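Numbers restart at 1 for each chain; the letters A, B, ... are given by sequence-line order, proteins then strands. Only this structure's heavy atoms are used, side chains among them; waters, hydrogens and symmetry mates stay out. This is a predicted model, so every value here is computed, not measured.
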Amino acid sequence: MIEETNEEFREEYRAMNRRKVLFILAFILLAAGAFFLTLGFGVYRIGISDAVGTFFDHLAGNPVDPSDDYYVWDVRVPRALGALLIGAGLSVAGAIMQNDFKNPLAEPYTMGISSGAFLGATLNIILGISIVPFISGTATTVVNSFICSLIPTAIIVLVAKYRRLTPTAMILTGIAVMFLFSSITQIMMVTAPSETMADAYEWRVGSLSSMQWEYIPVMLVVTLLITVILWFSSSKLNVMYAGDRAAQTFGENAENIRVSTLVLVSIMTAVLICFTGTIGFIGLVGPHVARIFVGSNNRYLIPASAAFGAAFVILADTVAKVSGPNGLPVGVICSMIGGPLFIWILVRQRKSAWM
Amino acid sequence: MEKKTTTIIAAVVVVAIVVVAAVLIGFGGNGGNDSSGDSDIASQLQIRGNANDDYTIDEKDMEILDDVISGDKSIDDYPLADVNNDGNVDETDKQLLQDLIDRKDGTTVYVLCLDVNGKPTTVSCTYPLRNVVPYGTNMQLPTLYANGGQYVAGYFVSSYETAESSISDSAVDLGGTQRQISDAAWKNFTTLDANTEGGLGALLVDYSGIAQITDVRAADLEAADIPMIIYSSADATSEITTVLTLGFLFGGDCEEIGVEYAQKSWDVINLIEEKVGSLSNDEKCSYICCTMYIYICENDSTFNSSASTAGGLPYYIVNSDFSETYAGDGSTKMQSVEALSNYTDVGAILNNRSMDWGLDEAGIEELVIDTWDHDNKGVSSTMYFKGFEDRLVYINNLLPGAVKVAYMAHAMYGDDFSREWADGVLQDFIDMGTAPLEGQTLDTVLAYIDYDLYREVTA
């Protein structure tokens with residue numbers, strides 16, 4: 001009788017896991033479909049089937065129409081890949097932050113990464129300053145924002161090294177750094193001419209319109225590598241979810257795990273947003289939506305967050321491309337569509353996804 | 001039968017009423033019967049008293065006034081004969097005109113310009129005009145081209161060290177920006193007026209910056225009795241009349257340079273009109289104007305007016321999709337590198353960029369590369385103009401209007417207007433002795449960048 005009950009429980013457990021895997025596969029398929037769909041959207045007029053055909057023609061080394069090939073292969077494919085990577089990366093980063101800090105409001109930007117990145121970008125956009133002297137031209141904004149985005153994390157890690165910080169204290173330190181950086185940025189913004197101020201604000205909102213092939217390898221390698229490392233650390237992360245003391249009973253040092261994953265997540269976030277600006281929403285909400293469907297086990301939560309984030313951002317960018325005379329920043333669309341969608345999911349769900 | 005006849009009569013009456021009304025409206029529209037006296041007057045020198053609508057005020061204008069007073073000529077045909085803008089031409093106008101002919105100090109001059117809504121108006125100021133404050137590059141440069149830098153009491157921004165070097169050393173930097181007059185800058189302006197003996201002579205405003213003159217600021221000007229002279233001087237032909245009119249108002253050598261500037265400018269424009277003015281729309285070269293690297297000028301932009309003066313056909317006339325997308329009189333930033341992708345049949349892309357001069361060879365090379373490969377937040381300009389390289393040119397927006405028009409004509413009709421000819425027009429303006437170009441040569445001014453030049457400097 002007990003064996004039968006155990007077997008039923010095991011079968012139910014396996015079925016539940018299969019459903020989780022199915023959710024992940026469904027969103028991977030959705031993201032893949034959205035990838036081909038988005039190739040047919042934009043200002044340049046080309047149908048979806050022709051765009052997909054152009055994509056495969058290029059892969060086969062046989063591009064037919066130079067103009068089609070340029071706008072599909074050189075412009076839209078890197079933009080679509082960028083959308084997939086930033087959606088996946090930020091969503092995974094959010095999942096880890098929420099897990100590490102046991103805080104549903106934590107997200108990739110909680111530690112002040114976005115304010116640091118924005119400060120770096122603003123230094124170049126408004127003042128024309130390059131932090132690295134030998135860097136100039138189109139790379140300056142990217143390098144500036146990458147370097148500055150890591151400063152808040154570095155401050156928190158340094159403080160945590162010399163003085164033991166609770167998760168709440170770390171978040172508060174991040175918020176303090178964020179305000180400090182924001183105030184410096186605001187000084188530049190209030191004295192800036194209207195055009196450059198508009199450029200800086202546009203960067204702040206986040207856009208994929210500047211995505212280029214050169215950026216993809218860096219984004220891909222960093223996102224893939226860090227996501228895989230985090231996935232292989234799922235069991236340790238799951239222990240963190242139970243709390244610092246519980247982690248200790250399992251022989252894990254919660255503080256070390258928190259700091260090391262914080263560094264990894266910060267690097268991934270910095271690499272992604274330095275190319276696109278601080279695209280919001282997905283890092284906060286992506287993990288919540290994934291958690292509703294797959295629960296809090298990081299073995300499923302990390303790939304589910306990645307799959308949902310990728311599908312969501314690429315679809316949002318498809319909408320962004322056809323909004324207005326020649327498109328809108330994806331950051332605006334993410335929040336505009338994602339906000340109501342998230343509320344709808346929260347209202348519809350029967351049980352609390354968090355805790 | 002009777003009913004049918006009545007219907008026909010009624011129809012004829014209705015048609016007759018409509019025709020008569022249309023004719024009356026037509027006469028009303030063309031008759032210049034505007035009691036305000038500020039109807040749209042096409043004049044070269046925008047001063048009341050310039051009755052014969054030429055480039056100066058002299059005895060010929062007085063002869064017209066005499067004829068108008070005697071009834072031999074009508075004020076409707078010579079609206080500028082109303083020198084004091086009171087709706088009548090009488091002995092008072094004659095006395096005022098005589099003072100203007102004598103260039104008498106302290107004379108009240110009635111200047112035709114725009115009001116804050118862009119409608120024609122007349123404002124008065126004192127001759128000769130002194131202690132002016134220009135606002136906006138498109139007004140500051142015409143002031144300097146009229147050699148009026150010596151009479152500038154203050155400026156809101158000066159971004160071009162060499163081109164604007166003739167601004168008086170004693171002029172006060174009021175601390176604004178190209179696009180904005182902050183409250184602090186306006187306070188500096190009113191303080192300057194209070195500290196200037198006799199007050200400021202006028203605020204000179206380019207219409208594209210009119211949003212900065214709020215109702216409160218306009219009231220400040222009225223209270224302080226500071227005239228505001230507004231022109232849409234970003235347009236090449238308006239810029240010519242602006243230089244001519246400001247030259248007259250400053251008086252002396254400035255008037256001479258203003259006249260020479262206007263005459264040379266009209267010679268260039270007339271030559272272009274002569275060669276390509278009669279072309280049909282099908283034969284004309286279509287163009288899209290851009291500014292600030294990746295902003296597309298909207299249909300009614302003043303940049304388009306200049307390009308049309310150069311004989312081009314604005315692309316919105318050719319392409320209805322473009323016309324709908326870019327309706328307006330400002331400019332729209334390209335949100336993606338695909339923005340121009342559906343307009344591949346355009347003849348020329350005329351990109352306006354303000355570039356200071358006084359350059360050496362290395363400076364020119366650097367500026368060419370910075371312009372062509374400009375970093376737009378991580379995306380090079382070349383990405384936006386991919387496929388348009390052979391039709392894309394950058395034209396220096398600081399140059400005199402006629403010089404810009406000459407280079408635009410060369411870009412669109414290279415067979416009719418050679419590069420040497422356009423360079424010759426620039427050389428003529430350099431030789432003229434207008435202050436901003438003083439000491440420059442064709443080698444120190446980067447007037448025109450095309451793909452050939454870019455490839456040459458990057459080879």
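A donor-acceptor contact under 3.5 angstrom links the side chains of A/Tyr44 and A/Asp68, judged on distance only.
Salt bridge B/Glu338/A/Lys321: absent, no basic N to carboxylate O contact under 4.0 Å. B/Glu239 and B/Lys404 are not joined by a salt bridge, as no carboxylate oxygen comes within less than 4.0 angstrom of a charged side-chain nitrogen.
Both the backbone and the side chain of B/Met383 come within less than 4.5 Å of a heavy atom of chain A. Interface residue A/Tyr70: only side-chain heavy atoms are found under 4.5 Å from chain B.
Annotation: A/Phe56 is in aromatic contact with A/Phe36 [ring centroid separation under 6.0 Å].
Heavy-atom pairs under 4.5 Å with chain A were tallied for B/Leu340, B/Asn342, B/Thr344, B/Val337; the largest tally goes to B/Asn342.
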